[in-house]
2 protein chains.
Amino acid sequence: MSKQELPIIDAAVDVSGAACCAPLACEPLSESEAAELAPLFKAIADPVRLRLLSLIACHEGGETCVCDLTAAFDLTPPTISHHLKVLKQAGLIDSERRGTWVYYWINPAVLARMSALIGPASPVLAGTA
Amino acid sequence: MSKQELPIIDAAVDVSGAACCAPLACEPLSESEAAELAPLFKAIADPVRLRLLSLIACHEGGETCVCDLTAAFDLTPPTISHHLKVLKQAGLIDSERRGTWVYYWINPAVLARMSALIGPASPVLAGTA
DNA sequence: CTGTTGATTAGAAGTTCATCGAAACAGCCG
DNA sequence: CGGCTGTTTCGATGAACTTCTAATCAACAG
């Protein structure tokens, strides 16, 4: 409900009439898009969660039981469980109980979306640079 | 200095001798790698900084002067300056003063590295899934 | 030199958030 | 039932965050 919502298409112009900046070549991230994407990056902006993701992905079959994850850290099971919950609530992983053990696997779509956003072919971050 | 440093190659085995998890198909992220990468993601895990990056990238020529960035937000110039500093210290952007104005541009290499890490072709996150 | 505009720094307030563990609980199996 | 795996709840500690005001630095115009 402020100037954030308005697309800024033309270059800024100073008092003397000289433009200080180039015009936009593409539509930048909107405020709402940014607000939606930031928590995804925040979820992986932690060394433990980054390694958890990596451990899950590196297991054959793409899934891992929690016992293997807790064994890889010097953290207590509740702490691991907490980090897994953060990743799951962000939509980055999913889980299922099979008998005694609980298995986690990665949701590739969400990670791919994040990767594409900051990748060289991104329409909003690569621009024409 | 603990079990984190040891690569975990074989599957965990429970007391009865039955494996609960599949073995590793690739080498997961090391503790030091994760510690090095997490701050990069933390730098972009903020809606304002995400939009700043996008605004810089979307400008023709790939660079933008600060005046154009402050105009796009309802924040004071010092606040914008702070967020730009965070991005710069993470290595994601660079800047240069040219006369009256200061220009910022994106460092594509760092973003590409982050993108590749979480992308579908990543050796540590895509695994064999 | 002086005044103005653009941008950064210094400092601080305030809130929020995060990490982690101890203890208790829930689902499964023999 | 008892033992095991994993999760939740709760809490305490502490750190980190965003954002502002005020002051400072840099470049330019007159």
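So you know, we letter chains A, B, ... as the sequences are listed, proteins then strands, and number each from 1.
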**Q** Would you mind reporting whether B:D68 and B:L55 have side-chain heavy atoms less than 4.5 Å apart?
**A**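 Of all side-chain heavy-atom pairs linking B:D68 with B:L55, none is under 4.5 Å.
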**Q** Can you tell me how far P of C:dT19 sits from CG of A:L50, to the nearest Å?
**A**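 Distance check: A:L50 CG to C:dT19 P gives 13 Å.
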**Q** Check each of B:V110, B:L53, B:N107, B:L111 against B:I93 using the side chain to side chain contact (heavy atoms under 4.5 Å, CB included) test, and report the only one that passes.
**A**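 Running side chain to side chain contact (heavy atoms under 4.5 Å, CB included) over B:V110, B:L53, B:N107, B:L111 with B:I93 returns exactly one hit, B:L53.
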**Q** Can you list everything that forms a side chain to side chain contact (heavy atoms under 4.5 Å, CB included) with A:A116? Sequence neighbours excluded, please.
**A**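 Side chain to side chain contact (heavy atoms under 4.5 Å, CB included) list for A:A116, sorted by chain: empty.
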**Q** Of the residues in residues 34-48 of chain A, which ones touch DNA chain C at a heavy-atom distance under 4.0 Å?
**A**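 Here the set is A:K42, A:D46.
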**Q** Rounded to the nearest angstrom, tell me the gap between atom CD in A:Q89 and atom P in D:dT7.
**A**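 Those two atoms, CD and P, are 13 Å apart.
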**Q** Applying salt bridge (charged side-chain N to carboxylate O under 4.0 Å, His left out), name anything that partners A:E33, two or more places apart in sequence or on another chain.
**A**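 So A:E33 forms no salt bridge (charged side-chain N to carboxylate O under 4.0 Å, His left out) with any residue.
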**Q** When B:I106 is tested against each of B:T64, B:I56, B:L92 for side chain to side chain contact (heavy atoms under 4.5 Å, CB included), which residue passes?
**A**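 Answer after filtering B:T64, B:I56, B:L92: B:I56.
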**Q** Quick one: side chains of residues 76-89 of chain B, donor-acceptor pairs under 3.5 Å with protein atoms, not counting sequence neighbours, listed by atom name and distance.
**A**
residue, atom, partner, partner atom, Å
B:T76, OG1, B:T79, OG1, 3.1
B:H83, ND1, B:R49, NH1, 3.1
B:K88, NZ, B:S95, OG, 2.6

**Q** For the helix from C:dC1-D:dG30 to C:dG30-D:dC1, what angle lies between the axis at the first five pairs and the axis at the last five pairs, to 10 degrees?
**A**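 Helix axis angle between the two ends: 30°.
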**Q** Is there a side-chain polar atom (N or O) of B:Y103 under 4.0 Å from OP1 or OP2 of C:dG6?
**A**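 Indeed not, no polar side-chain atom of B:Y103 lies that close.
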**Q** Give, ordered by number, those residues of residues 78-88 of chain A having at least one heavy-atom distance below 4.0 Å to an atom of DNA chain D; if nothing qualifies, reply none.
**A**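 Those residues are A:P78, A:S81, A:K85.
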**Q** Return the set of residues passing salt bridge (charged side-chain N to carboxylate O under 4.0 Å, His left out) with A:R113 (not counting sequence neighbours), or none when no residue passes.
**A**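 With neighbours one apart ignored, the set is A:E36.
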**Q** Per the salt bridge (Lys or Arg N to Asp or Glu O under 4.0 Å) rule, what does the pair list look like for residues 100-112 of chain B, sequence neighbours excluded?
**A**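 Listed by first then second residue: nothing to list.
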**Q** What string of B, S and - do you get for nucleotides 25-30 of chain D 5' to 3' if you count protein non-hydrogen atoms under 4.0 Å?
**A** -SSS--
**Q** When you get a sec, tell me which of D:dT18, C:dT19, D:dT7 is the closest nucleotide to the side chain of B:R49?
**A**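 The nucleotide sitting nearest to the side chain is D:dT18.
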**Q** Between B:L75 (CG) and C:dT8 (P), how many Å, whole number?
**A**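 Interatomic distance, CG of B:L75 to P of C:dT8: 14 Å.
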**Q** Restricting to pairs with a member in residues 92-106 of chain B, which pass salt bridge (Lys or Arg N to Asp or Glu O under 4.0 Å), not counting sequence neighbours?
**A**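 Counting only pairs at least two positions apart or across chains, the salt bridge (Lys or Arg N to Asp or Glu O under 4.0 Å) contacts touching residues 92-106 of chain B are B:E63-B:R98, B:E96-B:R98.
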**Q** Can you list every salt bridge (Lys or Arg N to Asp or Glu O under 4.0 Å) pair that touches residues 99-110 of chain A, not counting sequence neighbours?
**A**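 Listed by first then second residue: nothing to list.
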**Q** Of all residues at least two apart in sequence or in a different chain, which pass the side chain to side chain contact (heavy atoms under 4.5 Å, CB included) check with A:P108?
**A**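 By the side chain to side chain contact (heavy atoms under 4.5 Å, CB included) rule, A:P108 matches no residue at all.
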**Q** Would B:F73 and B:R51 count as a side-chain contact (heavy atoms from CB on, under 4.5 Å) here? Give the steps.
**A** CA-CA 9 Å; B:F73 294 86; B:R51 291 183 60 212; 3.4 Å; yes
**Q** Are any non-hydrogen side-chain atoms of A:Y104 and A:V66 less than 4.5 angstrom apart?
**A**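 A side-chain contact under 4.5 Å exists here.
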**Q** Rounded to whole angstroms, how far apart are CG on B:L69 and P on C:dA7?
**A**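 About 9 Å, once rounded to whole Å.
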